Structures are given as C-alpha cells and as structure tokens.
Amino acid sequence: MSNLLTSFNEQKVDVTLDPDTAHPHLVLSEDRKHVRHGDRRQDLPDKPERFDKYPIVLGAERFTGGRRYWEVEVGDKTGWTLGVCRESVRRKGKVTPKPEDGYWVMRLRDGEYEACTGPTTPLPVSVRPGRVGIFLDYEGGEISFYNVTDVSRLFTFTDTFSRTLRPYFCPGPNAGGTNAAPLIICPVPAPARGYRCTLL
C-alpha cells in the first residue's frame with residue numbers, strides 16, 4: 001500500500017479553493033489552501049455558484065479526464081466531508097451528498113466515518129486519519145479515499161463519469177469552537193515523511 005501512495009506522486013494536483021463557491025460562513029486563507037467555519041456569516045454577494053445552506057466550498061480545478069490525487073489535512077477535527085462532485089450540482093438549498101446527485105464523498109460525523117452512498121456506508125477505521133488522500137481515476141470510473149496516517153484505503157466509489165468534476169470540501173460546523181480548526185490542502189510536491197501541514 002505504501003508503494004501505491006508513492007506512485008500517486010505523479011498524479012498529484014495542486015488544488016486550491018474557489019472563493020466564489022464558498023458558503024458565507026466559510027473563511028478561506030489568502031493562498032486558498034485552508035478553509036474553516038467562521039463565527040459569523042460574511043456579507044458576500046449571492047452568486048449562482050455559491051452554496052447557501054451548508055458550509056461547502058469547491059476546488060478551483062475542473063477535471064474532465066485523467067488521474068488526479070490530492071491530500072487534505074483533517075487533524076483532530078470532529079467533523080468534515082471530503083471528496084468530488086459534479087460541477088453541475090445544485091448550490092442553493094438542501095444538498096444530499098450521494099452519487100445519484102453527483103457527489104462522491106466521505107465524512108466524519110458524530111464520531112463515525114462513513115461513505116455517503118445513500119444510505120451511508122459505515123467505514124471501520126482502526127487508526128484515526130490525520131490526513132486523507134483522494135484519488136480520482138476519471139476513465140477508470142473510480143474515486144478512492146486513503147488514510148495517509150496509516151497508509152490504508154478507506155473506501156472506493158465506482159461509477160461512470162461523463163461530466164466535469166471538482167474537488168469538494170466541507171469543514172463542518174464550528175460547533176461552538178470545538179470544530180473550528182481548518183481543513184488544509186497539502187502542498188505539492190508531497191511533504192517529507194512525518195511532516196504535517198501547518199495550521200493557521
């Protein structure tokens with residue numbers, strides 16, 4: 001498995017966040033690599049591409065083919081959702097994260113890891129992931145999630161992709177400050193072994 005993650009180095013993509021899609025409660029870093037849920041709603045224009053109900057932001061990169069890999073530092077956060085979605089997903093109102101609606105994501109919620117397969121699939125995790133790797137094989141029809149901390153595969157979605165896909169990030173609610181830490185997109189090239197992305 002360690003050799004597999006090493007082989008992803010050639011597919012690593014430098015993902016950044018798209019502020020035009022970010023829910024008004026989300027705070028993005030200047031380099032667009034960190035996102036956290038802020039204490040208050042910001043006064044931002046209600047653009048058609050902006051999520052308005054849930055604290056979601058998309059990556060700026062758009063994928064219409066190929067193999068791509070990126071890693072996200074989740075640290076000790078108590079809730080988050082990561083993955084890939086169609087660019088065409090609805091941005092307004094209630095969002096149901098499942099493949100039928102164009103979402104291929106996994107999350108940590110209420111202390112449990114699960115794949116959002118609709119209904120969700122519980123994921124047995126023996127070592128808490130401090131960093132999650134996401135691998136997209138567009139033509140191969142797979143989106144896989146990896147626990148980089150213990151170098152294990154968490155889950156793989158299989159599907160047929162024919163539309164533009166984008167990275168998906170949800171840092172979860174602030175929860176009174178208990179989940180205020182950011183999600184951090186790790187830099188490319190890969191950090192040295194043992195290195196952890198620096199928190200804001």
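The model shown is predicted, which means the values in this text are computed figures rather than measured ones.
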Task: Plane angle bin for His23 and His25 - parallel if under 30°, tilted between 30 and 60°, otherwise perpendicular - done: parallel
Under the 3.5 angstrom rule, does the side chain of [X] hit a backbone N or O of [Y] as a donor-acceptor pair?
X	Y	answer
Glu114	Arg107	no
Lys33	Ile184	no
Asp52	Gly93	yes
Arg62	Ala60	yes

More than 12 non-hydrogen atoms from neighbouring residues, nucleotides or ligands closer than 6.0 Å to [atom1] on [X], yes or no?
X	atom1	value
Lys53	NZ	no
Asp31	CG	yes
Glu112	CD	no
Arg32	CZ	no
Glu10	CD	no
Arg41	CZ	yes

Membership question, hydrophobic clusters at under 4.5 Å side-chain separation (ILVMFWY): are [Y] and [X] in the same one?
X	Y	result
Phe157	Val84	yes
Val89	Ile134	no
Val74	Leu154	yes
Leu26	Leu58	no
Val95	Leu17	no

Would [X] and [Y] count as a close aromatic pair, with their ring centres under 6.0 Å?
X	Y	value
Phe169	Trp70	no
Tyr168	Tyr103	yes
Tyr146	Phe8	yes

Please determine which of [options] meets the side-chain contact (heavy atoms from CB on, under 4.5 Å) test together with [X].
X	options	result
Ile143	Phe135, Phe155, Tyr138, Trp104	Trp104
Val35	Ile185, Val72, Leu183	Leu183
Val105	Thr81, Leu82, Ile56	Thr81

Task: Short N-O contact, Glu87 and Arg166, less than 4.0 angstrom - done: yes
Distance, nearest 0.5 Å, that separates [atom1] of [X] from [atom2] of [Y]:
X	Y	atom1	atom2	answer
Met106	Ser144	CE	OG	12.0 Å
Asn174	Arg40	CG	CZ	12.0 Å
Leu28	Thr21	CG	OG1	8.0 Å
Arg109	Thr78	CZ	OG1	12.5 Å
Glu49	Asp20	CD	CG	5.0 Å
Arg128	Asn147	CZ	CG	10.5 Å

TODO: Please test Val132 against Trp80 for side-chain contact (heavy atoms from CB on, under 4.5 Å), starting from the C-alpha separation and ending with a verdict.
DONE: CA-CA 11 Å; Val132 175; Trp80 48 262; 3.8 Å; yes
Testing the basics here: between [X] and [Y], what is the closest heavy-atom pair and its distance to 0.1 Å?
X	Y	result
Pro171	Pro55	CD-O, 3.3 Å
Tyr69	Gly133	OH-CA, 3.6 Å
Gly65	Glu139	CA-OE2, 3.3 Å

Open item on the list: Between Pro129 and Phe145, is there a side-chain heavy-atom distance shorter than 4.5 Å?
Closed with: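 No, every pair of side-chain atoms sits at 4.5 Å or beyond.
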Open item on the list: Does any part of the side chain of Lys92, heavy atoms only, come nearer than 4.5 Å to the side chain of Arg50, both counted from C-beta?
Closed with: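 Of all side-chain heavy-atom pairs linking Lys92 with Arg50, at least one is under 4.5 Å.
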Task: Criterion side-chain contact (heavy atoms from CB on, under 4.5 Å) on Asp150 and Ser126, from CA distance to verdict - done: CA-CA 9 Å; Asp150 70 349; Ser126 56; 4.1 Å; yes
- [ ] Report the C-alpha distance between Arg68 and Leu165 in whole Å, list the side-chain angles of each, state the deciding distance to 0.1 Å, and finish with yes or no for side-chain contact (heavy atoms from CB on, under 4.5 Å).
- [x] CA-CA 11 Å; Arg68 303 288 187 268; Leu165 304 179; over 6 Å; no
